[in-house]
Amino acid sequence: MNLNDQEKEYLLNEYLRNISHILDKEYQKRVWIRQEGPECQAFDDAVCDFFDIGDPILDEYKDFGITDSQHRLLIKFRNQFREFCREHDFPEEFMDGPEWAQIMDHAKEVLRAFNYHQKS
């Protein structure tokens with residue numbers, strides 16, 4: 001991936017923002033289920049964005065300033081999320097379940113490792 005530092009920072013921020021949506025139940029209800037804006041994103045789109053943006057970052061994580069410990073957390077989260085997405089399609093069916101709560105807990109752990117706070 002031939003990106004300058006500003007582009008890398010932007011992509012990493014987008015990836016972390018996607019993870020923050022996985023943690024934000026109000027966002028999920030408003031955007032994924034009720035399809036209220038201003039964002040326009042279905043759960044399937046969120047999943048595709050997560051992997052399309054994230055996998056190249058994880059492959060070249062050192063170029064993005066990601067530490068080894070952050071990388072391990074991201075890999076663990078990615079694998080767990082991938083497995084979850086293979087078994088679940090509709091947020092209204094899983095959002096209040098214990099498996100999703102576990103995904104959200106791991107998303108929180110990842111964001112804490114990056115000291116990430118969603119910008120309004």
Side-chain angles (χ1 to χ4, degrees):
M1 208 185 299
N2 266 338
L3 303 172
N4 65 39
D5 289 343
Q6 186 177 8
E7 292 167 327
K8 289 176 189 174
E9 182 180 344
Y10 174 80
L11 278 180
L12 180 57
N13 188 63
E14 283 297 297
Y15 187 51
L16 295 174
R17 187 174 64 85
N18 287 337
I19 295 172
S20 77
H21 292 163
I22 293 168
L23 179 61
D24 186 346
K25 197 171 260 195
E26 188 51 45
Y27 174 91
Q28 297 160 18
K29 289 178 183 177
R30 180 174 55 79
V31 178
W32 293 350
I33 294 175
R34 295 191 310 261
Q35 298 177 348
E36 297 173 354
E39 302 89 349
C40 184
Q41 183 183 52
F43 177 69
D44 289 347
D45 296 328
V47 170
C48 288
D49 289 347
F50 176 82
F51 292 109
D52 289 348
I53 293 171
D55 284 350
I57 290 172
L58 293 177
D59 289 343
E60 299 181 29
Y61 72 98
K62 289 193 184 272
D63 291 344
F64 287 84
I66 296 172
T67 67
D68 289 338
S69 63
Q70 289 170 327
H71 183 248
R72 284 189 297 274
L73 273 174
L74 285 169
I75 292 290
K76 180 180 174 184
F77 180 73
R78 181 202 54 195
N79 293 344
Q80 181 189 31
F81 189 58
R82 178 175 283 137
E83 189 62 34
F84 180 89
C85 292
R86 286 183 179 142
E87 299 173 13
H88 301 87
D89 293 322
F90 305 105
E92 51 276 310
E93 294 176 3
F94 64 70
M95 190 175 292
D96 294 321
E99 292 175 345
W100 188 247
Q102 192 174 40
I103 294 285
M104 290 175 65
D105 286 344
H106 287 181
K108 182 186 286 186
E109 183 180 358
V110 167
L111 295 177
R112 191 176 14 230
F114 282 87
N115 197 28
Y116 179 86
H117 302 283
Q118 176 78 23
K119 296 168 181 75
S120 305

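These numbers come from the heavy atoms of this one structure, side chains and all, not from hydrogens, waters or symmetry mates.
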key: Atom of Ser20, atom of Tyr116 and distance for their closest heavy-atom approach   = CB-CE2, 3.8 Å
ask   = Heavy-atom distance under 4.5 Å between the side chains of Phe77 and Ile103, does that happen here?
value = yes
task = Write down the atom of Ile53, the atom of Leu11, and the distance for their closest heavy-atom approach.
result = CG2-O, 3.7 Å
query = Where is the tightest heavy-atom contact between Val110 and Leu73, given as atom of each residue plus distance?
reply = CG2-O, 4.0 Å
task = Verify side chain to side chain contact (heavy atoms under 4.5 Å, CB included) between Ile57 and Lys8, making sure each step is shown before the conclusion.
result = CA-CA 9 Å; Ile57 290 172; Lys8 289 176 189 174; over 6 Å; no
query = Between atom CD1 of Ile75 and atom CD of Gln80, what is the distance when rounded to the nearest 0.5 Å?
reply = 13.5 Å
ask   = Do you see a donor-acceptor pair shorter than 3.5 Å between the side chains of Asp49 and Tyr15?
value = no
query = How far apart are the C-alpha atoms of Arg82 and Asp55, what are their side-chain angles, what is the distance that settles it, and do they pass the salt bridge (charged side-chain N to carboxylate O under 4.0 Å, His left out) test?
reply = CA-CA 11 Å; Arg82 178 175 283 137; Asp55 284 350; 3.3 Å; yes
query = Between Phe81 and Phe50, is the ring centre distance below 6.0 Å?
reply = yes
His71 side chain to Leu58 backbone, donor-acceptor under 3.5 Å = yes
request  = Can you measure from CG (Leu74) to CD (Glu109) and round to the nearest 0.5 angstrom?
outcome  = 10.5 Å
task = Measure across Trp100 and Met95 and return the closest heavy-atom pair with its distance rounded to 0.1 Å.
result = CD1-O, 3.4 Å
remark   = Looking only at heavy atoms, the pair that brings Trp32 and Ala42 closest together is CD1-C, 3.9 Å
query = Do you know which two heavy atoms are closest between Gln6 and Asn4, and how far apart they sit?
reply = N-OD1, 3.0 Å
key: Residue list, side chain to side chain donor-acceptor pair (under 3.5 Å) with Gln102, at least two apart or on another chain   = none
task = Can you measure from NE2 (His117) to CG (Asn115) and round to the nearest 0.5 angstrom?
result = 4.5 Å
task = Any chance you could measure Arg78, atom CZ, to His106, atom NE2, to the nearest 0.5 Å?
result = 15.5 Å
note = Contacts of Arg30 meeting side chain to side chain contact (heavy atoms under 4.5 Å, CB included) (sequence neighbours excluded), chain-then-number -> Glu26, Tyr27, Arg34, Glu36, Pro38, Glu39
ask   = Are Ile33 and Gln28 close enough that some pair of their side-chain heavy atoms sits under 4.5 Å apart?
value = no
message = Let me confirm one number: the CG-CG distance from Asn13 to Asn18, rounded to the nearest 0.5 Å.
response = 9.5 Å
note = CZ of Phe114 to CG of Leu12, rounded to nearest 0.5 Å, is 6.0 Å
request  = Name all pairs fulfilling the side-chain hydrogen bond (donor to acceptor under 3.5 Å, both in side chains) condition that reach into residues 86-98, sequence neighbours left out, sorted by first residue then second.
outcome  = Lys25-Asp96, Glu83-Arg86, His88-Glu99
